[in-house]
Amino acid sequence: MDLDSEAEELAAVAVALRRHLEQRRRAGISLVSREVAAKRSAELAGNGSLLTGVENDLFADVNPAYEARSLEELRAAIGDCRRCKLCAGRTNLVFGVGNPSARLMFVGEGPGRDEDLQGEPFVGRAGQLLTDIIAKGMGLKREDVYIANVVKCRPPDNRNPEPDEVGSCEPFLKKQIELIRPEIIVALGKFAVQTLLQSKVPITKLRGQWHSYHGIKLMPTFHPAYLLRNPGDKRLVWEDIKKVIEALRCAGA
């Protein structure tokens, strides 16, 4: 093989590797050091499984998902999901994206049109606002946090997720949280808050106050899409985010 052929082959390998890594990033998967993995495993063992007592109900038909040891295994277990009617109209299943050992996790409602097309959560106008909150408000990068939704497929015409759809996806969100084990969850909007807290209390009464999700601090706040329609309430979200910033600072001190 001459030098030109070797260079072409190496270039092709590099392109294939970049594509592979980009696919992993969009699926919310990245490399984690053995030290970080060991630390998270110890934390999980100390705090117990988030799924203890509900595995038989939630994972009756998806045992590989329950047994997943990584986000990559969980995504593989979900596969070409057909567990609810949302699958019929989706372009891409939107699993999640970000740091698999993130200290901070954002949980929204479900994918919109842009998310459905790109296969990544929060990439439309509401996503840009969330990115601004993370980057400009918190001084972090999107890659520093983990972002997911309650439902992984876009509801038709961006309608609200229905109870059976939330119920079908809930096990996967719970498993994502168990695998990541963030220090803080920011729940964005009514459905994320009500699903995680199992509460029907209006978000207007829950936001701005700390709650607990299986020992993880949880801060409810308004969804970025709501803020696009009600920009005057951005100040309320900023108050909530400042509490999150302070909690992260104190935990890392």
Side-chain angles (χ1 to χ4, degrees), residues 18-19 21-30 71 75 86 89-100 102-161 169 173 176-177 180 182 184-193 195-196 203-204 207-208 218-248:
R18 281 197 297 270
R19 287 176 178 171
L21 292 174
E22 177 63 17
Q23 289 172 348
R24 288 172 63 91
R25 184 190 71 80
R26 288 186 178 277
I29 301 162
S30 62
L71 291 173
R75 178 64 187 90
L86 291 182
R90 73 165 181 246
T91 304
N92 287 295
L93 186 148
V94 183
F95 179 70
V97 68
N99 184 347
R103 299 176 62 202
L104 176 62
M105 182 174 182
F106 290 87
V107 177
E109 174 183 313
R113 178 179 178 275
D114 293 315
E115 291 76 14
D116 177 58
L117 292 174
Q118 297 186 41
E120 182 173 334
F122 285 94
V123 293
R125 290 180 63 220
Q128 183 56 57
L129 182 52
L130 177 60
T131 299
D132 288 344
I133 290 171
I134 294 168
K136 298 178 181 179
M138 307 187 76
L140 301 172
K141 299 177 182 177
R142 270 181 68 110
E143 296 80 14
D144 295 330
V145 306
Y146 196 88
I147 304 172
N149 283 309
V150 171
V151 295
K152 311 301 185 192
C153 300
R154 181 193 180 194
D157 300 317
N158 290 346
R159 64 161 171 75
N160 293 331
C169 258
L173 175 62
Q176 282 176 299
I177 295 171
I180 297 164
I184 295 174
I185 297 171
V186 176
L188 301 166
K190 169 185 174 181
F191 285 93
V193 173
T195 298
L196 292 171
I203 188 172
T204 51
R207 59 144 294 273
L218 186 146
M219 175 60 71
T221 196
F222 294 125
H223 195 283
Y226 168 86
L227 297 181
L228 293 176
R229 301 189 300 270
N230 302 274
D233 283 342
K234 287 182 180 180
R235 61 180 180 81
L236 299 177
V237 172
W238 177 233
E239 292 300 319
D240 301 342
I241 293 299
K242 285 194 291 185
K243 294 177 182 179
V244 174
I245 294 171
E246 178 63 16
L248 286 170

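All heavy atoms count here, side chains included; hydrogens, waters and symmetry mates do not.
The shortest distance between side-chain heavy atoms of Leu248 and Met138 falls below 4.5 Å. Side-chain contact between Asn99 and Val145 is absent, with no heavy atoms from C-beta onward closer than 4.5 Å. At least one side-chain heavy atom of Leu71 sits less than 4.5 Å from a side-chain heavy atom of Ile180. Under the 4.5 Å side-chain criterion, counting only non-hydrogen atoms from C-beta, Phe122 is not in contact with Thr131. Between Phe95 and Gln176, some side-chain heavy-atom pair lies under the 4.5 Å cut-off. No side-chain heavy atom of Val150 sits less than 4.5 Å from a side-chain heavy atom of Glu109. Under the 4.5 Å side-chain criterion, counting only non-hydrogen atoms from C-beta, Tyr146 is not in contact with Pro182. In this structure, the side chains of Ile245 and Ile241 come closer than 4.5 Å at one or more pairs of heavy atoms.
Closest of all the heavy-atom pairs between Cys153 and Leu86 is O-CD1, 3.5 Å. The two atoms that bring Pro155 and Pro111 nearest to each other are CD-O, 3.8 Å, heavy atoms only. Shortest non-hydrogen contact noted between Asn149 and Gly110 is OD1-N, 3.5 Å. Between Ala126 and Ala225 the shortest heavy-atom distance is CB-N, 3.7 Å. Nearest heavy atom pair, residue Val193 against residue Ala187, reads CG2-CB, 3.6 Å. The nearest pair of heavy atoms linking Ala192 to Val107 is CB-O, 3.3 Å.
Atom-to-atom distance recorded for Ile134:CD1 and Asp144:CG is 9.0 Å, nearest 0.5 angstrom. A distance of 7.0 Å separates CG of Leu228 from NZ of Lys234, quoted to the nearest 0.5 Å. Going from atom CD of Gln128 over to atom CD1 of Ile133 covers 10.5 Å, rounded to the nearest 0.5 Å. One finds the CZ atom of Arg207 at 8.0 Å from the CD atom of Glu239 (value rounded to the nearest 0.5 Å). To the nearest 0.5 Å, atom OH of residue Tyr226 and atom CG of residue Leu129 are 13.0 Å apart. Note that the CZ atom of Phe106 and the CD1 atom of Ile184 stand 9.5 Å from one another [nearest 0.5 Å].
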Next on the checklist: Applying side chain to side chain contact (heavy atoms under 4.5 Å, CB included) to His223 and Ile203, what does each step give before you reach the verdict?
Outcome noted: CA-CA 10 Å; His223 195 283; Ile203 188 172; over 6 Å; no
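Under a 3.5 Å cut-off, the side chain of Lys243 and the backbone N or O of Gly208 do form a donor-acceptor pair. When atom types are taken as modelled, the side chain of Asp116 and the backbone of Thr91 share a donor-acceptor pair closer than 3.5 angstrom. Judged by distance alone, the side chain of Glu115 and the main-chain N or O of Gly127 form no donor-acceptor pair under 3.5 Å. Distance alone, capped at 3.5 Å, places no donor-acceptor pair between the Asp233 side chain and the Leu227 backbone.
Heavy atoms from other residues, nucleotides or ligands lying under 6.0 Å from NZ of Lys141 number 12 at most.
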